[in-house]
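In this text the structure is predicted, and so the values were computed from the model without any measurement. Sequence lines set the chain letters: A, B, ... in the order given, protein chains first and strands last, and positions in each chain run from 1.
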2 protein chains.
Amino acid sequence: MCQDCDYHKILAAAGLETTRNRLHVLEAIGERGFPLSAGDIYARVGLHRPINRVTVYRILDLLAEKNIIERLSSLKRGSYYGLAPNENHAPHPHFYCTSCGRLDCLSPGSLAVDTEHLRNTFPGEIERVEVRVDGLCQNCLQQKST
Amino acid sequence: MCQDCDYHKILAAAGLETTRNRLHVLEAIGERGFPLSAGDIYARVGLHRPINRVTVYRILDLLAEKNIIERLSSLKRGSYYGLAPNENHAPHPHFYCTSCGRLDCLSPGSLAVDTEHLRNTFPGEIERVEVRVDGLCQNCLQQKST
DNA sequence: TGAGCAAATGCAATATAGTTGCATTTACCG
DNA sequence: CGGTAAATGCAACTATATTGCATTTGCTCA
């Protein structure tokens, strides 16, 4: 993710002003193929223009609340952020490597979860389902065996 | 979870000494029907006997590493801990209420995930799959509507 | 255009969760 | 009983995130 998303349009659709910081944050998240930590995003945005750490956190909170980005969890401290599912991106599971700490996107179809039954029977309200696979990525696995 | 687990036996099987602190940590986790945060566990164990925060963290790390307990993530900061899947407990998804912040166990069958295909095709090594449903629990949903 | 205003951002201080190094205590083994 | 390794305690520290308040930015309407 993502060449296909017009960030300006997305922000406007959510009723948010299109500031340079917000665009840079979105670009930082979208230009990598995998979710980033707040610290990573802060560092990447900072390459373009000085920005305050707090501003990054606030933008991330705002974008997550508006469902533009998605907050993802892992076994590491701190959250990761990726573009939220939308017309261009189907919801998909992630893979967390317990060795190198990188979070990767798995293809939407790689792990089928049938939420139908739960949605029909659960007494509360379901907003989203997060599926994360933990283990060793190919790289780390190979390095261990040599 | 869990009346069915003999914690002493479980610790011994993992080659760990059965200290009072470890038993109290396991009891604290097992006696509630849902996973607890490190802070909760620290507080509950402290009711029996003074214990150091660091000791709790170290025991949690150790038990998680030995697969006796399972570290769970949520949208909140910090991890939750529950008894790990074993002969008495099938792996199961969890529900995180974004309003009250409580993490609950869902029944093992409530959300079927077919990992077969992924396990056959994934180039790395898969250790576990964590499935978390986010939304509003029944309680919080009712309180909002009144 | 520019004054007024709300939203966005910056900055410093603080909070929360977890970690590290080292000293002390406990529990096992001969 | 004495020696030794494991477990625990304590203080300091790190990383991540949040809060309150001051300043800047950018939109709106005269």
Out of [options], which nucleotide sits closest to the side chain of [X]?
X	options	result
A:Ile59	C:dT9, D:dC10, C:dC11	C:dT9
A:Val54	D:dA12, D:dT19, C:dT9	D:dT19
A:Asn52	C:dC11, D:dA7, C:dG18	C:dC11
B:Glu17	C:dC11, C:dA27, C:dT19	C:dA27

Can you measure [X] atom [atom1] to [N] atom [atom2] for me and round it to whole angstrom units?
X	N	atom1	atom2	value
A:Asp61	C:dT9	CG	P	13 Å
B:Leu63	D:dA6	CG	P	17 Å
B:Leu60	C:dA17	CG	P	14 Å
A:Leu62	C:dA6	CG	P	19 Å
B:Leu75	C:dT16	CG	P	19 Å
A:His8	D:dG26	NE2	P	14 Å
A:Glu65	C:dA8	CD	C1'	15 Å
A:Ile51	D:dT25	CD1	P	14 Å

Worksheet item: Only one of B:Glu31, B:His24, B:Glu27 clears side chain to side chain donor-acceptor pair (under 3.5 Å) with B:Arg44; which?
Response: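 Only one of B:Glu31, B:His24, B:Glu27 forms a side chain to side chain donor-acceptor pair (under 3.5 Å) with B:Arg44, namely B:Glu31.
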
Item to complete: Respond yes when some side-chain nitrogen or oxygen of A:Tyr57 is under 4.0 Å from OP1 or OP2 of D:dT18, and no when none is.
Response: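 So the side-chain polar atoms of A:Tyr57 never come under 4.0 Å of the phosphate oxygens OP1 or OP2 of D:dT18.
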
Discussion item. Counting only side-chain nitrogens and oxygens, does B:Thr19 get under 4.0 Å of the OP1 or OP2 atom of D:dT8?
Written reply: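 Indeed, a polar side-chain atom of B:Thr19 lies that close.
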
Worksheet item: Does A:Ser37 use its side chain to pair, donor to acceptor, with the backbone of A:Asp40 at less than 3.5 Å?
Response: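 Present.
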
Item to complete: Have a look at B:Val25 and tell me which of B:Ile69, B:Ile59, B:Leu62 forms a side-chain contact (heavy atoms from CB on, under 4.5 Å) with it.
Response: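 Single side-chain contact (heavy atoms from CB on, under 4.5 Å) partner of B:Val25 among B:Ile69, B:Ile59, B:Leu62: B:Ile59.
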
Fill in: Check: D:dA15 base within 3.5 Å donor-acceptor of A:Arg77 side chain
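Donor-acceptor pair under 3.5 Å: yes.
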
Worksheet item: Does any N or O donor sit under 3.5 Å from an N or O acceptor when you compare the side chain of B:Arg58 with the base of C:dG18?
Response: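 No such pair is found, so the answer is no.
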
Fill in: Connected via hydrophobic side-chain network under 4.5 Å: B:Phe95 and A:Val113
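Yes, because B:Phe95 and A:Val113 connect within a single hydrophobic cluster, where side-chain heavy atoms sit under 4.5 Å apart.
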
Discussion item. Under 4.0 Å, heavy atoms only, any strand: does B:Ser79 hit a base, just the sugar-phosphate, or nothing?
Written reply: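 Contact class for B:Ser79: sugar-phosphate only.
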
Discussion item. Mind checking if B:Arg53 touches a base, just sugar-phosphate, or nothing, with heavy atoms under 4.0 Å?
Written reply: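 It contacts base atoms.
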
Worksheet item: Which word best sums up how the rings of A:Tyr96 and A:Tyr80 line up, parallel for under 30°, tilted for 30 to 60°, or perpendicular for over 60°?
Response: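 Perpendicular, since the angle between the ring planes exceeds 60°.
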
Practice prompt. Would you mind telling me which residue lines up with the more 5' stretch of DNA chain C, B:Arg71 or B:Arg20, judged by nearest nucleotide?
Written response: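 Residue closer to the 5' terminus by nearest nucleotide: B:Arg71.
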
